[in-house]
Amino acid sequence: MDKKVQNHEGCCTDDNLSGAYSGQQEIVIQPSMPAPVQDEVCCGAPPGPESNPFERPGYVLQRFVKDFVDTPVGPVPSIKTDLDRNDLFGKMAVRWGIHRDNYKVAPGLYCVGTPDQNAPVLVTANYKLTFDVFRKELGSIHAWILVLDTRGINVWCAAGKDLFSTTEVIQRVQLTGLAKIVRHRQLILPQLAATGVSAHRVKKASGFKVIWGPIRAKDINYFLKNDLNADDSMRRVTFAFRERLGLVPVELSHLVKPSLWVLLAIFLASGIGSHIFSVGVAWTRGLMATAAYAAGILAGALAAPALLPWIPVRSFALKGTITGFICGIGVILIFHAALQFWEVLALVFGTTAISSYLAMNFTGSTPFTSPSGVEKEMRKAIPLQALAVLIAAVSWIGSAFAK
Amino acid sequence: MEKFRYLPGVSTLELDVQACVGCGMCEIVCPHGVFLLENSKAKICDLDGCMECGACAKNCPTSAIRVTPGVGCANYIIQTWIKGKDAASCDSVECC
């Protein structure tokens with residue numbers, strides 16, 4: 001079907017497409033008249049290439065689509081397995097929380113290579129980052145890719161929210177007409193989807209047997225070659241240094257907005273004194289308090305996650321308390337000449353409380369904390385964190401009156 | 001995941017060995033190797049490794065496994081305290 005396009009342009013649904021493809025009314029696109037290259041007088045640079053024959057009115061042809069493969073249910077996009085610059089920019093952006101909640105691909109059936117009726121069906125989420133990580137590993141594979149509508153959320157989180165769910169798998173299998181494309185009745189799902197998908201229910205409702213694939217996309221090649229068997233290590237989540245650091249930017253990006261309020265409060269609290277309020281004092285003392293706040297963020301959202309396995313306590317709030325206390329002491333050493341006792345107390349308590357709270361919140365980003373455990377430590381930690389903030393605020397404001 | 005251990009003795013995971021048919025699904029889906037199949041019956045071999053994700057219970061064909069599943073996320077739990085379990089959402093928490 002290369003260089004061919006069917007002739008009624010208003011096609012929209014899969015049904016229309018399949019009708020058009022099975023019909024006889026295909027026309028060959030004529031090579032366009034090349035524009036004269038030297039003709040730059042009135043219209044600037046020479047024009048770009050002509051439209052891709054796969055373009056359809058009202059649709060955007062995705063950059064990751066290489067080709068379309070004809071199937072009994074219509075053309076299925078064949079996707080590229082190498083990432084381009086846009087994919088990498090997109091990845092960097094979402095790591096910093098930019099466009100993160102709307103970074104997705106259209107759900108439905110795709111393929112890699114030239115799959116036939118016996119090719120495996122790999123199921124994944126429609127978060128573009130997940131989709132990219134996945135297709136990057138499929139260079140030497142011929143397979144059908146069933147992308148579920150997980151609202152642009154990754155496999156595990158979507159499974160936890162019941163979006164990568166039993167119902168979604170069953171519905172997507174039916175909507176795509178998968179049963180007409182493959183002769184076998186097997187779906188390979190990433191293991192972490194098991195939180196949301198009940199294999200025996202999928203089998204009952206759709207006739208497709210769920211095979212639990214490896215956790216990580218990079219193991220899919222091995223899994224397929226090894227008769228659909230994964231080694232134990234492919235079935236265990238990891239949380240290596242690099243994986244933990246990859247989560248830090250998003251954690252930091254969440255802090256931007258609340259930090260504006262915190263800084264305002266710091267500025268106001270720092271200017272209060274026996275002179276009622278002084279902008280000059282607010283500035284000099286405010287800078288020191290801001291440094292303590294920044295140290296708390298550094299300790300709780302960067303140091304604690306990075307050093308996670310090496311901080312010898314299990315409670316995350318306690319891990320943050322340790323890193324926070326050390327960073328608080330660091331701040332004191334920098335400003336010690338300008339500080340009196342109550343100010344030292346305020347800065348150390350402030351830094352430690354912020355760090356403890358942020359480290360505690362990092363539980364949401366880890367792959368091993370149980371909700372029962374998190375709730376248990378929170379019940380103890382939150383009152384103490386609040387008390388520490390109170391002590392910090394009272395000491396900080398009070399010390400200004402002692403001067 | 002031996003390097004990462006969280007608070008011990010808190011998991012709500014329970015296994016009814018009588019109801020187990022030994023299909024081994026729990027052993028496959030658990031991301032922390034909590035289950036082990038011994039003499040055609042599942043066994044909880046590392047209860048404290050459990051993060052209560054619920055994958056095992058969801059995929060047990062005879063409902064022999066019980067666990068209160070959830071997300072181990074402080075921010076989410078704070079929301080359930082403030083707004084109640086139904087109104088809390090991960091959307092405003094943005095953890096995942």
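Chain A is the first sequence line, chain B the second, and so forth, proteins listed ahead of strands; every chain is numbered from 1.
With chain A as the partner, the residue from B:Gly54, B:Cys50, B:Pro69, B:Cys60 showing the most heavy-atom pairs under 4.5 Å is B:Cys60. Per-residue heavy-atom pair counts under 4.5 Å with chain A were compared for B:Gly49, B:Cys23, B:Pro8, and the maximum is reached by B:Pro8. Among A:Arg235, A:Arg314, A:Lys376, the residue with the largest count of heavy-atom pairs under 4.5 Å with chain B is A:Arg314. For chain A, the option among B:Ile28, B:Thr68, B:Thr12 with the highest count of heavy-atom pairs below 4.5 Å is B:Ile28. Note: A:Gly196 leads A:Gly160, A:Ala159, A:Gly196 in heavy-atom pairs under 4.5 Å with chain B. In terms of non-hydrogen atom pairs under 4.5 Å with chain B, the most contact-rich of A:Pro371, A:Ala317, A:Ser372 is A:Pro371.
Interface remark: A:Val197 contributes backbone atoms only to the contact with chain B (heavy atom separation under 4.5 Å). If you measure heavy-atom distances from A:Tyr127 to chain B, you find no contacts under 4.5 Å at all. Proximity to chain A (any heavy atom under 4.5 Å) is shown, for B:Cys53, by both the backbone and the side chain. B:Cys30 touches chain A through its backbone: at least one of N, CA, C or O sits under 4.5 Å from a heavy atom, while the side chain does not. Using a 4.5 Å cut-off between heavy atoms, B:Cys56 does not touch chain A at all. With a threshold of 4.5 angstrom between heavy atoms, A:Leu247 does not approach chain B through any atom at all.
Taken from CE in A:Met360 to SG in B:Cys73, the straight-line distance is 9.5 Å, to the nearest 0.5 Å.
A 6.0 Å sphere centred on CZ of A:Arg151 holds no more than 12 heavy atoms belonging to other residues, nucleotides or ligands. Annotation: A:Trp261, atom CH2; neighbour count of heavy atoms from other residues, nucleotides and ligands within 6.0 Å does not exceed 12. In B:Arg66, the CZ atom is not crowded: 12 or fewer heavy atoms of neighbouring residues, nucleotides or ligands sit closer than 6.0 Å.
Side-chain atoms of B:Asn75 do not come within 3.5 Å of backbone N or O of A:Asn361 as any donor-acceptor pair. Under the 3.5 Å distance criterion, the side-chain polar atoms of A:Thr363 are matched with a main-chain donor or acceptor of B:Ala74. Put simply, the side chain of A:Ser198 gets close to the backbone of B:Lys58: a donor and an acceptor are under 3.5 Å apart. Checked by atom type and distance alone, the side chain of B:Asn59 never pairs as donor or acceptor with a backbone atom of A:His200 at under 3.5 Å. Side-chain atoms of A:Ser370 never come within 3.5 Å of backbone atoms of B:Ser11 as a donor-acceptor pair (strictly under, hydrogens ignored).
Proximity of A:Thr366 to B:Met51: side-chain heavy atoms (C-beta onward) are nowhere separated by under 4.5 Å.
A:Val374 pairs with exactly one of B:Val71, B:Leu7, B:Val10, B:Ile77 by the side-chain contact (heavy atoms from CB on, under 4.5 Å) rule, that one being B:Ile77.
The aromatic rings of A:Phe316 and B:Tyr6 sit perpendicular to each other, their planes meeting at more than 60°, with 30° as the lower class boundary.
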